[in-house]
Amino acid sequence: MKFEKVSFGKRLKSMLKVDFRRMFKSKLFYILIACALVMPILMTVMMSMMDGSVSVNPQTGEETIMQGPENTWQNIGTLPGEPLGGDEIFMMCNINMMFMAVAVFTCLFISDDFRSGYAKNLFTVRAKRGEYVFSKTLSGFVCGAMMLIAYLVGSILGGAISGLSFDLNGLNAGNLVMCMLAKIFLMLVFVSIFTLISVAAKQKAWLSICGSLGGGMLLFMMVGMITPLTATPIHVILCAVGGLLFAFGLGAISKTILNKTSLV
């Protein structure tokens, strides 16, 4: 009686097929995509409606005039000629929030495997640790990339509804495309970090989410500088190379953790 040896490629293909089927049937995935789409629309419209309104400090009598967005692309990054970070609100509440939001998907997606006992059964009959880490990282990357694209679409719709300018202030469509590509490739860095923390925390979803958000914040403030609206092919290449290095490096560490620790 001869048993056929299952190759790495077949195991990986099977693992990816299972994970992507689960992801596209998950309510959490569609909730996050919907939030990424609606968030910039609501934020842009509300800020535009508040533009010019005056608030008075009852203690000092000091008046503060609210300033709404003037350009659609403030949701994506800082335009040339603006101060670093642009508008104070849009400096933090912009498309870069999606780098942290994908932590929720990655952590819950992985912790559910360990909580249900699926991971233990999976490593016995279907895949090894390496394929598991690769598949989870790729799933999180695809989810993160789609959230970035949904946020871009929402920003455009919000700008159109609010009647904001679409002027790129001397930039061109190529810069915007390379900015988005750089952000998408950089997402691989964050997802690799979140995957590492999630496989270490296993079924403790709360711990993996807290650890991922804390770890992601160490890099979050650099995202705007690494992927600006003035992005060039160099930004795209550096983000792609960095993403691959993090994916392989942290993926190897994640695999080691799975090999050295209990699955329950």
Side-chain angles (χ1 to χ4, degrees), residues 12 14-39 92-93 95-148 150-151 186-220 223 243 246-247 249-264:
L12 179 59
S14 176
M15 188 72 244
L16 288 172
K17 186 177 180 180
V18 170
D19 275 343
F20 277 101
R21 184 188 299 119
R22 286 180 60 210
M23 181 176 73
F24 289 122
K25 289 185 176 181
S26 169
K27 292 181 180 178
L28 175 63
F29 172 75
Y30 293 103
I31 289 173
L32 290 173
I33 296 298
C35 288
L37 177 65
V38 173
M39 190 185 303
M92 294 295 294
C93 301
I95 194 172
N96 296 337
M97 292 188 296
M98 298 302 100
F99 287 94
M100 306 304 295
V102 75
V104 177
F105 172 81
T106 304
C107 295
L108 293 180
F109 196 53
I110 293 177
S111 68
D112 185 61
D113 290 347
F114 293 96
R115 189 185 304 110
S116 64
Y118 170 73
K120 190 174 183 179
N121 178 67
L122 180 68
F123 296 142
T124 303
V125 300
R126 185 182 293 270
K128 294 185 178 181
R129 273 70 168 176
E131 293 94 79
Y132 179 84
V133 172
F134 184 94
S135 181
K136 297 301 180 185
T137 302
L138 186 59
S139 299
F141 170 70
V142 170
C143 178
M146 294 184 70
M147 289 172 69
L148 288 171
Y151 199 100
L186 188 64
M187 181 64 74
L188 194 55
V189 173
F190 283 80
V191 171
S192 300
I193 295 173
F194 302 153
T195 300
L196 171 61
I197 296 173
S198 296
V199 298
K202 296 184 173 64
Q203 70 267 26
K204 299 181 179 67
W206 65 270
L207 181 60
S208 62
I209 291 176
C210 292
S212 295
L213 294 177
M217 284 303 296
L218 298 176
L219 296 175
F220 180 73
V223 174
F246 268 77
L250 297 184
I253 298 175
S254 299
K255 178 183 176 183
T256 302
I257 290 176
L258 288 175
N259 286 328
K260 300 295 183 181
T261 58
S262 172
L263 297 178
V264 295

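Numbers for residues simply follow the sequence, beginning at 1. Heavy-atom basis, side chains included; hydrogens, waters and symmetry copies ignored. Keep in mind it's a predicted model, so treat the numbers as computed, not measured.
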request  = Could you grab the distance from atom CG of L108 to atom OG of S208, nearest 0.5 Å is fine?
outcome  = 7.0 Å
inquiry  = For I33, is there any backbone N or O sitting under 3.5 Å from a side-chain donor or acceptor partner on Y151?
reply    = no
ask   = Can you check whether K128 reaches K255 side chain to side chain, under 4.5 Å on heavy atoms?
value = no
key: Heavy-atom pair of closest approach, residues I197 and G211   = CD1-O, 3.3 Å
ask   = Below 4.5 Å, heavy atoms only, C-beta onward: do T195 and L250 meet side chain to side chain?
value = no
key: Min side-chain heavy-atom separation I193-L219 under 4.5 Å   = yes
inquiry  = Would you compute the distance between atom CG of L258 and atom CD1 of I253 and round it to the nearest 0.5 angstrom?
reply    = 12.5 Å
remark   = d(F24 CZ, Y30 OH) to nearest 0.5 Å is 6.5 Å
query = When rounded to the nearest 0.5 angstrom, what is the spacing between CE in M146 and CZ in F141?
reply = 12.0 Å
task = Measure from the ring center of F99 to the ring center of F220 and say whether it is less than 6.0 Å.
result = no
Distance-only donor-acceptor check, side chains K136 and S254, under 3.5 Å = no
message = Side chains of M147 and L37, heavy atoms from C-beta outward: is any pair under 4.5 Å?
response = no
request  = Kindly give the heavy-atom pair with the smallest separation between I209 and C107, and that separation in Å.
outcome  = CG1-CB, 3.6 Å
key: Pairwise side-chain contact, L138 with F20, heavy-atom cut-off 4.5 Å (strictly under)   = yes
inquiry  = Can you give me the closest heavy-atom contact between K202 and I257, atom names plus distance?
reply    = NZ-CG2, 4.3 Å
ask   = Do T137 and L188 come within less than 4.5 Å of each other through their side chains, counting heavy atoms only?
value = yes
message = If you compare all heavy atoms of Q203 against all heavy atoms of F114, which two are closest, and at what distance to 0.1 Å?
response = N-CB, 3.7 Å
message = Can a side-chain donor-acceptor contact be found between D19 and Y132 if the only test is distance below 3.5 angstrom?
response = no
ask   = Can you find a pair of side-chain heavy atoms, one from K204 and one from R115, that are under 4.5 Å apart?
value = no
ask   = Counting distance only, does the side-chain N/O of S135 pair as donor-acceptor with the main-chain N or O of E131 below 3.5 Å?
value = no
remark   = When rounded to the nearest 0.5 Å, the distance separating CZ of F109 from CZ of R22 is 4.0 Å
note = Note: A36 and M98 closest approach over all heavy atoms is CB-SD, 3.6 Å
inquiry  = Looking at every non-hydrogen atom in both residues, tell me the closest pair between S212 and A103 and how far apart they are.
reply    = CB-CB, 4.0 Å
